[in-house]
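Read the numbers this way: they start at 1 and go in the same order the structure lists the ligands and their atoms. Sequential numbering from 1 along the given sequence is applied to the chain's residues.
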Amino acid sequence: MMIQKSHSNREHLLESMRTLSTELDYQTVLQSVISVSSKLTNSEVASILKYEEADGHLHFLAAPWFQKDSLQSLRVPIDESIAGWVYKNAEPLIIQDVKEDERFYSEVDQAVKFQTNSILAIPLLVQGRCVGVLEAVNKANRAHYNGEDALILETLASQVALILENMDLEQRITQMQAATDRLEQMKKDFIAIASHELRTPLGLIIGHSTFLREVIKEEHHEQLDTIISSGAKLKEIIESLANVENFQSGAASIRMMKFSMANLIKQNIDTFQEKAKKKSISVHTDIKTPNLLLEGDAEKIGIALGNLLKNAISFTSEGGHVFVILEQIPGYAKVAIIDDGIGIAQKDMPHIFERFYQVGSHLTRQHGGMGLGLSVAKVMIDLHGGKIWAESILGKGSQFAFLLPLDRNQINAAERVFDTK
Ligand code: ADP
């Protein structure tokens with residue numbers, strides 16, 4: 001008879017464990033654990049207590065429905081309770097008559113108008129560390145809790161411990177996510193305020209220096225040119241910061257117009273001719289579709305193209321070559337900027353389009369910039385429903401290419417995606 005009973009208990013336990021592991025909602029699982037615990041140990045009630053660092057007490061995490069409300073706000077002290085003893089010593093405990101045990105904390109009974117006689121309490125262990133206690137209370141007919149009851153509860157406790165660990169991890173992830181969101185917001189605010197506050201004085205510096213250059217003697221032109229070009233560089237950095245922020249927050253939109261990609265490439269190359277000449281870099285073009293008209297925001301595409309061209313020239317040594325190719329492929333216009341410059345290591349490739357990312361080698365550090373050029377280029381192209389990517393071999397050169405859709409519907413769809421961000 002006894003053998004049969006323990007056999008059916010084991011079956012019940014296994015069945016319960018199977019059901020519990022398929023349940024997704026933690027609270028439901030914990031409630032099921034306590035009802036299975038009391039059923040399989042033949043107890044009146046069962047409950048789960050969890051240690052809270054914040055107040056150094058045990059809190060009821062799961063209790064029978066008729067006790068739940070009263071127990072929710074109750075705090076069980078570690079030093080004056082049976083559960084506290086089990087928690088502190090990380091050892092199971094059976095008390096046959098709690099009235100005889102000075103560790104018994106009677107306030108729980110008073111709160112729920114209940115009378116506890118016997119207790120079986122099992123520690124909840126996560127990687128050897130006790131995080132709480134699973135209790136079964138009042139075995140039926142005043143019977144004694146035995147080894148089998150303890151074994152059943154220990155098996156269930158291991159399941160509960162896993163759940164508590166998961167709950168803890170999820171809570172930590174949520175807290176970290178909230179901290180990350182706060183930082184992201186602070187960063188956005190900082191960029192918005194800084195770029196706004198810097199723009200006005202910088203505009204005045206550039207404006208007044210340009211005026212001064214007109215009216216003072218030629219011997220001072222060089223100094224003023226330095227002020228003006230440094231001011232322009234600062235302005236560029238501020239614009240880049242604001243650009244990425246505006247596009248990522250959806251504050252920017254594109255102004256659609258028809259434009260010639262071939263002309264845009266030509267104008268852009270013209271602005272970099274002087275820089276290229278200084279390094280004896282030749283810039284070649286291969287325009288396969290000179291009459292191709294695209295619809296999009298020419299100014300923004302021009303910024304993307306300019307950043308790629310600027311990089312190609314900056315990261316190519318004296319006497320090097322830069323090629324710009326325009327062609328039409330099914331559904332898209334493709335622009336490729338190829339250089340035979342210093343190239344990019346494979347380990348850096350996944351990051352180059354990230355904001356503020358710069359390849360940390362001493363070779364590249366001599367170049368100015370803030371690691372914004374490619375991230376700005378990417379948002380401009382993304383905004384048009386396009387695609388931008390790079391291929392590179394260290395020491396040999398790089399190819400940056402982007403696609404722009406020929407169908408304006410795709411551009412509008414891309415803009416809608418950005419608007420909802
Ligand atoms: P920055 O504005 O500082 O140049 P970018 O976002 O434009 O930053 O580029 C990020 C990094 O990618 C650069 O610091 C550089 O190391 C690398 N890079 C970009 N373009 C090229 C290129 N054509 N050749 C080699 N390295 C490049």
A.B. asks: List every atom of ligand 1 that sits less than 4.0 Å from any heavy atom of Tyr357, numbering the atoms from 1 in the order shown and giving each element.
C.D. replies: 10 (C), 11 (C)
A.B. asks: Determine, considering heavy atoms only, which of Gly371, Ala345, Gly341 sits nearest to atom 1 (P) of ligand 1.
C.D. replies: Gly371
A.B. asks: What I want to find out is whether Arg75 reaches Glu52 closely enough, with some N-O distance under 4.0 Å, to be called a salt bridge.
C.D. replies: no
A.B. asks: Nearest non-hydrogen contact with atom 27 (C) of ligand 1 belongs to which option: Ile344, Asn311, Asn307?
C.D. replies: Ile344
A.B. asks: Between the main-chain N or O of Ile325 and the side-chain N or O of Asp286, is there a donor-acceptor pair closer than 3.5 Å?
C.D. replies: no
A.B. asks: Below 4.0 angstrom from a heavy atom of Ile352, which ligand 1 atoms are there? Numbered from 1 as shown, please.
C.D. replies: 12 (O)
A.B. asks: Given Leu372, Val359, Ile338, Thr316, identify the one with the heavy atom nearest to atom 17 (C) of ligand 1.
C.D. replies: Val359
A.B. asks: Is a salt bridge present between Lys187 and Glu184, judged by a nitrogen-to-oxygen distance below 4.0 Å?
C.D. replies: yes
A.B. asks: Do Lys266 and Ile287 have side chains that approach each other closer than 4.5 Å (heavy atoms only, starting at C-beta)?
C.D. replies: no
A.B. asks: Which of the numbered atoms in ligand 1 are under 4.0 angstrom from any heavy atom belonging to Asp339?
C.D. replies: 22 (C), 23 (N)
A.B. asks: Examine Ser375 against ligand 1 and note whether any of their N/O atoms are separated by less than 3.5 Å.
C.D. replies: no
A.B. asks: Who's closest to atom 24 (N) of ligand 1 heavy-atom-wise, of Ala390, Gly397, Ser398?
C.D. replies: Ser398
A.B. asks: Phe315 to ligand 1: N or O pair under 3.5 Å?
C.D. replies: no
A.B. asks: Determine yes or no for a side-chain-to-main-chain donor-acceptor pair under 3.5 angstrom, with Asp297 supplying the side chain and Arg255 the backbone.
C.D. replies: yes
A.B. asks: Tell me whether the rings of His284 and Phe323 are parallel (<30°), tilted (30 to 60°) or perpendicular (>60°).
C.D. replies: parallel
A.B. asks: Should Leu374 be counted as touching ligand 1, given the test is an N or O pair under 3.5 Å?
C.D. replies: yes
A.B. asks: Is there a side-chain contact between Phe400 and Leu374, using heavy atoms and a 4.5 Å cut-off?
C.D. replies: yes
A.B. asks: Check whether any side-chain heavy atom of Leu49 sits under 4.5 Å from a side-chain heavy atom of Tyr87, and report yes or no.
C.D. replies: no
A.B. asks: May I ask whether Phe353 places a heavy atom under 4.0 Å from ligand 1?
C.D. replies: no
A.B. asks: Any atoms of ligand 1 less than 4.0 Å from a non-hydrogen atom of Gly343? List them with their elements.
C.D. replies: 25 (C)
